[in-house]
Amino acid sequence: MTDAVPRHLYLIDGSAYIFRAFFALPPMTRSDGTPTNAVMGFSSMILNLIEQTDADYVAVIFDAKRENFRNEIYPDYKGHRPDAPEELRPQFSLIRDATEAFNLPCLEMEGYEADDLIATYAKQAVAKGSKVTIVSSDKDLMQLVQDGIEMWDPMKNTAIHHDQVVEKFGVPPEKVVDVQALAGDSTDNVPGVPGIGIKTAAQLIVDYGDLDTLLERAGEIKQPKRRENLIEHAELARISRELVRLKQDVPVEVPLEELKRRPLDNDRLLEFLKLMEFKRLIARFQTEEAAQEASEAAAAPAETDYQLVQDEAALKAWIDAAYKTGILAVDTETTGLDAMQADLVGICLSTEPGKACYIPLGHVGEGEGDLLSSGDAEAPKQIPMATALDLLRPVLADPSVLKVGQNLKYDLQILGRLDVPVTPIDDTMLMSFCVDGGAHGHGMDELADLHLGMKTIKFEEVCGKGKNQITFDKVPLDKALAYAAEDADITLRLHRALKPRLLADRMTTLYETIERPLAQILADMERAGIKVDPKTLKEMSADFAKRIADLEAEIHKDAGQEFNVASPKQLGEILFDKLGLKGGKKTKSGGYSTDSGVLEPLALDNPIVQKVLDFRGLSKLKSTYTDALVEDINPQTKRVHTSYSMVGAQTGRLSSTDPNLQNIPIRTAEGRRIREAFIAEPGCKLISLDYSQIELRLVAEIADLDALKQAFQDGLDIHAMTASEVFGVPLKEMDSETRRKAKAINFGIIYGISAFGLANQIGVSRTEAKDFIDRYFERFPGIRKFMDETVEGCREKGYVETLFGRRIHLGGINDKNPMRRGYAERQAINAPIQGTAADIIKRAMIRIPGALAEAGLDDVTMLLQVHDELIFEAPADKAEKAVPVIRDVMEGAAGPARTLSVPLEVEAGIADNWREAH
DNA sequence: CCACTCACG
DNA sequence: GACGTACGTGAGTGGC
């Protein structure tokens, strides 16, 4: 019976997983209080595995009770292990229940550890010619890796092969036990030889071949202490080896043949998941069931034809095909994520679903530049980069061929740096954002799964992760082809799926007039960057460093002991336990809250608290800004280039990363000085223009608040006017404190006000805050109607809309949990306001370059966007002239699509640096 | 990897 | 009456 021989055996290390899942996942409990986080992690992992694997034999293996044969060899084995945490103990048996619910064999044997059973089954199977995958990241199992046996780390989702074992232990798998015997293991209380760790052990084993030879020849060791230890503790090393060496001949009670994979019993599994209250898993399991049925019902999956393009003739054939179809999916592969520094490695193209190619351009030989590898492989055959780009340039710029990409802004920038313009474009990520903003993410893997039911090859599967990650230019061409061509293929398929939805959901205008044109504008801004003066920043860093050190010393003195002031945990214990300041536990994890809201009131009476606040402020400025920004200066351009995310914020705002240039300090004088380091090139000026009160103006517009609209038309001080209405103080007698409260109320309106939030913000009682809000609603009667209708509309449709038709989906709006629902309701009120403001500035940004060019100011460059502000760099003699051009575009950006009854106003400044320009 | 804190609009 | 909250972000640090 050939059936009895496993093709692929999966051995899942249940015991190790329980511990890792328990510590890695946040605590969670069933409604009866039973902790369930490890069970949840385990069930989720199993669901992943059975969905992905082709294994025909599967077993989950657990440790039996503590004592086993190793304790006879060495009584202290695992002697220092503390008992399992209380929250974990009840989960052991639940995990066995889970295993059975998944209809998997659940194995354990008294007197042996799970690892021994795994070793035994693995060796039995591999002897029969099976492939074996051990699902575990336990290093003690790495000795088993060999031809036919690999490991899979279920937390990191990475494979552990021969190379990863060498990485970890410095020796191949078959010598791992020798290294472990020397180095010992404190967590298992394996003694090893004193003074020898993994590194030294590996070196010794490499030098002497194996443990026995080493111990025989220990006398030759040069280092006296090491030599003595090895001689004296030779027996300990041998015992250690017996402890770590896995038993491969356990007289297993369940024969291998019985591990044959059994089909899932859907009802039984669902019953278990319901019992455990794993809502997300239930949903996932049910949709997977449905998707599976759907895909089985659908036509056979399309065949794929992925080609490697290594000569000009093949490339020309692809270009011809693009002209014929009029559509070309494009994706670039590079050496990194920084679009200003990464080098082009290859380009993938697709002209019809299932058909794609990869054009390697910058691949080097495998292991090239790697000292350990002898005989570097030659770089593979490739079309010279300049030749390929020359061939591609016409089609990429041809107006009759639509270029489709996923997050094309990145590729535009990479290709732009190589003088390869790309136009016209469609971007599947942006299409998804327009159609499904707020409903889910917009990454390609997620979209492929959602719209195509396709699982993609992950970047990490090709390049690894962490410090072992390699750059794409070192990936062998066969792997590169499979990964890269798939990306282009999927992009084209997504385009087919999403383009009709733009139309059906009436999102075409939003996409065509805002998101699509903005991609190129942002690519240009990112590439332009802004000049930052490292000298100014370094001087500030040095000043901060000294003052931080002084403050720290004083804080330690005041506290009567040294501690880490930057640790909220330690700080809380010092302030509230040791010094007895009042301020209860506040954070959900049980610690003291020490944020500025708590510390500021205490600072008045307690000098140490003020010092802590000063310390915090300076540390923040130093680590996040003055130190970090210097590192972000691009060595070639000497400028700082941020990256904008177009899908980062649900409301339609941009977000900025690497570095974030949208949160440069301004609120304190000290922080504001950082803006002095943002400067114009010699002979140039920076111009800053920002919308004044745009969100409040939009509230007046959208909620149709006559009094507020009139106030804006009359150019009044809007917060003072609010204060006068709400508190009944005549404008002439307005004091700053009353105005401040009114300002907070105005912000509160924008945020979806609550009495609690307002009270917290302005330091009054909740009843008082409630009173203020009621008075506001009386004076501006439209606001309540707007809020109620917005929330109601969202409940019915599941989304809210901006003035320009952008939809923001809010899943929690019908949640039965009042807290989550309240949160969604406030989002529903805020999103149309924040989102409309985002639409307006985006519309302005798209028009500004054209307006400047028309005014003969094409040497004025747009550099940054900070939500309601735009920063430009201009030749000094052009700055004054540019301001009215830009201002006109910004103030008129809502038109002609929308005519606002509230004027938009823009304030402008010109200076040598950002602080003075703003 | 998460919680906390804090910078911005 | 009880939930326990102001909206939207990204980055650095400490600690499990």
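Here is the naming used below: chain letters follow the sequence lines, and residue numbers restart at 1 for every chain.
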Side chains of residues 691-700 of chain A: which donor-acceptor pairs under 3.5 Å do they make with residues two or more places apart or in other chains?
| from | atom 1 | to | atom 2 | distance (Å) |
| --- | --- | --- | --- | --- |
| Y691(A) | OH | M890(A) | O | 2.6 |
| Q693(A) | NE2 | H719(A) | NE2 | 3.3 |
| R697(A) | NE | S692(A) | O | 2.8 |
| R697(A) | NH1 | P903(A) | O | 2.7 |

Measure across N913(A) and E916(A) and return the closest heavy-atom pair with its distance rounded to 0.1 Å.
-> ND2-OE2, 2.6 Å
Are T624(A) and dA7(B) close enough that a side-chain N or O sits under 4.0 Å from OP1 or OP2?
-> no
So what does S596(A) hit on the nucleic acid, given a heavy-atom distance under 4.0 Å: a base, only sugar-phosphate, or nothing?
-> sugar-phosphate
Reckon S645(A) touches a base, only the sugar-phosphate, or nothing at all at heavy-atom distances under 4.0 Å?
-> nothing
For DNA chain B, determine which residues of residues 654-668 of chain A have any heavy atom closer than 4.0 angstrom to one of its atoms, and list them numerically.
-> Q662(A), N663(A), I664(A), P665(A), I666(A), R667(A)
Within residues 812-832 of chain A, those residues having any heavy atom closer than 4.0 Å to DNA chain B are none
Tell me, please, which residues at least two apart from R547(A) pass salt bridge (Lys or Arg N to Asp or Glu O under 4.0 Å).
-> D543(A), E670(A)
Please map the stems of DNA chain C, keeping only stretches of three or more Watson-Crick or G-U wobble pairs with both distances under 3.5 angstrom.
-> B:1-9 with C:7-15
Report which part of the nucleic acid G671(A) touches: base, sugar-phosphate, or nothing (heavy-atom distance under 4.0 Å, all strands).
-> nothing
Should the heavy atoms of other residues, nucleotides or ligands under 6.0 Å from CD of Q561(A) be counted, would the total exceed 12?
-> yes
Which part of the nucleic acid, if any, lies within contact of N760(A), taking any heavy atom under 4.0 Å across all strands shown: a base, the sugar-phosphate backbone alone, or nothing?
-> nothing
For S589(A) and dA3(B), is the shortest distance between a side-chain N/O and OP1 or OP2 below 4.0 Å?
-> no
Could you tell me the separation between the CG atom of D839(A) and the P atom of dG9(B), rounded to a whole number of Å?
-> 20 Å
Covered region of DNA chain C, 5' end to 3' end, by chain A [heavy atoms, under 4.0 Å] | dC3(C) to dC16(C)
Just checking E695(A): base, sugar-phosphate only, or nothing, at a heavy-atom cut-off of under 4.0 Å?
-> nothing
